[in-house]
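Shown next, in structure tokens, is the structure this report addresses.
What you see below is based on every heavy atom in this structure, not just the backbone, and it leaves out hydrogens, waters and symmetry mates. One-based numbering along the sequence shown.
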Amino acid sequence: AIIRPNAGSASAPTYTFYGDENTGMLRSGTDELGFSTAGTQRFTIQADGQVGIGTTTPFAPFQVFNSSTDTVARFGSGDAGVYISFYDNTSANETNARIGAYGDKLVLLAGGSDRMVIKSDGKVGVGTTLPDRILEVADNVPAIRLTDNNNAGVYHEILGDGASLS
């Protein structure tokens with residue numbers, strides 16, 4: 001059997017709830033599905049599979065938009081860390097590149113290891129998860145290079161070998 005109801009609208013969805021007629025599911029466009037609450041479309045699945053929350057015209061596979069607040073998503077975890085993973089068809093695995101939080105620290109991981117940390121006091125660690133200075137770079141021979149893009153081959157380095165400042 002085929003059910004052929006009307007398309008509906010955000011303020012009067014096709015499928016709704018008794019006593020709450022401006023909340024429900026509707027056909028928001030050709031081959032498009034929408035969900036509304038309080039008479040406003042909040043969630044859209046387009047014909048190409050792109051999903052929008054807070055937008056009816058997502059331009060990526062998943063788009064979230066909020067016009068009234070700076071925080072558009074919140075992620076939490078029940079253990080001591082929360083991460084979002086990034087990968088493509090050349091990644092070694094799904095957890096090698098991540099951004100996350102561990103306590104009050106912002107953590108960037110690459111190659112499956114912590115590479116940069118920003119502590120709650122603003123101290124930044126590259127190669128260390130416990131920086132003691134505003135910027136701490138840790139490695140076997142740590143170095144900071146300042147390259148002049150206007151002059152090929154011109155740069156200045158701070159080398160952590162205990163002897164060099166060039």
Side-chain angles (χ1 to χ4, degrees), residues 10 13 17 20 22-26 28-29 32-149 155-162 164-166:
F17 301 92
D20 193 8
N22 63 355
T23 296
M25 184 174 70
L26 61 133
S28 54
E32 187 173 283
L33 186 60
F35 295 87
S36 67
T37 61
T40 301
Q41 189 167 334
R42 311 287 184 177
F43 185 89
T44 302
I45 303 173
Q46 291 183 325
D48 59 3
Q50 295 191 152
V51 174
I53 298 176
T55 179
T56 57
T57 56
F59 67 90
F62 182 65
Q63 181 179 345
V64 178
F65 177 78
N66 189 322
S67 63
S68 61
T69 184
D70 292 339
T71 302
V72 296
R74 184 175 175 179
F75 300 91
S77 174
D79 64 7
V82 60
Y83 300 93
I84 300 172
S85 295
F86 302 90
Y87 68 97
D88 63 17
N89 63 349
T90 64
S91 299
N93 69 51
E94 297 173 2
T95 62
N96 272 358
R98 296 184 286 171
I99 184 171
Y102 190 85
D104 290 334
K105 295 186 291 189
L106 178 65
V107 182
L108 300 173
L109 292 90
S113 298
D114 293 358
R115 300 299 179 185
M116 188 170 102
V117 172
I118 302 174
K119 290 176 37 180
S120 61
D121 61 4
K123 293 176 180 163
V124 176
V126 177
T128 179
T129 59
L130 299 168
D132 289 326
R133 301 286 186 256
I134 193 71
L135 174 62
E136 184 172 338
V137 178
D139 199 2
N140 292 335
V141 180
I144 297 175
R145 178 179 281 189
L146 306 171
T147 302
D148 184 346
N149 285 338
Y155 61 87
H156 298 281
E157 282 189 338
I158 300 171
L159 296 175
D161 62 2
S164 301
L165 178 59
S166 57

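The nearest pair of heavy atoms linking Leu26 to Leu33 is O-CD1, 3.5 Å. Minimum heavy-atom separation, Ser36 to Ala10: OG-O, 2.9 Å. The two residues Ser85 and Glu94 have their closest heavy-atom pair at CB-O, 3.0 Å. Taking both residues in full, the closest heavy atoms of Gly125 and Pro131 are given as N-CG, 3.5 Å, listed atom of the first, atom of the second, then distance. Smallest separation of non-hydrogen atoms from Thr55 and Thr44: O-OG1, 3.5 Å. The shortest non-hydrogen separation linking Asn96 to Asn93 is N-OD1, 3.1 Å.
Asn140 CG: 12 or fewer foreign heavy atoms inside a 6.0 Å radius. The 12-atom threshold is exceeded at OH of Tyr83, counting heavy atoms of other residues, nucleotides or ligands nearer than 6.0 Å. Within 6.0 Å of CG on Asp104 lie no more than 12 heavy atoms contributed by other residues, nucleotides or ligands. Atom CG of Asp79 has more than 12 heavy atoms from other residues, nucleotides or ligands within 6.0 Å.
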task = Apply the test side chain to side chain contact (heavy atoms under 4.5 Å, CB included) to residues Val124 and Met116: give CA-CA distance (whole Å), side-chain angles for both, the deciding distance (0.1 Å), then the verdict.
result = CA-CA 7 Å; Val124 176; Met116 188 170 102; 4.2 Å; yes
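Taken to the nearest 0.5 Å, the OG1 atom of Thr128 stands 9.5 Å off from the CG atom of Asp114. For the atom pair NE2 of His156 and CG of Leu146, the computed distance is 7.5 Å after rounding to the nearest 0.5 Å. Between Asp121 atom CG and Ile134 atom CD1 the span is 7.5 Å, to the nearest 0.5 Å. Atom CD of Glu32 and atom OG1 of Thr57 lie 9.0 Å apart (nearest 0.5 Å). Atom CZ of residue Phe86 and atom CZ of residue Arg98 lie 11.5 Å apart, to the nearest 0.5 angstrom.
Listed for the Gln63 side chain is a donor-acceptor partner under 3.5 Å among the backbone atoms of Phe59. Between the Ser120 side chain and the Lys105 main chain, no donor and acceptor come within less than 3.5 Å of each other. Put simply, the side chain of Arg42 gets close to the backbone of Thr37: a donor and an acceptor are under 3.5 Å apart.
A heavy-atom distance below 4.5 Å is found between the side chains of Ile99 and Leu106.
With no hydrogens or angles considered, no side-chain donor-acceptor pair links Thr147 and Asn149 at under 3.5 Å.
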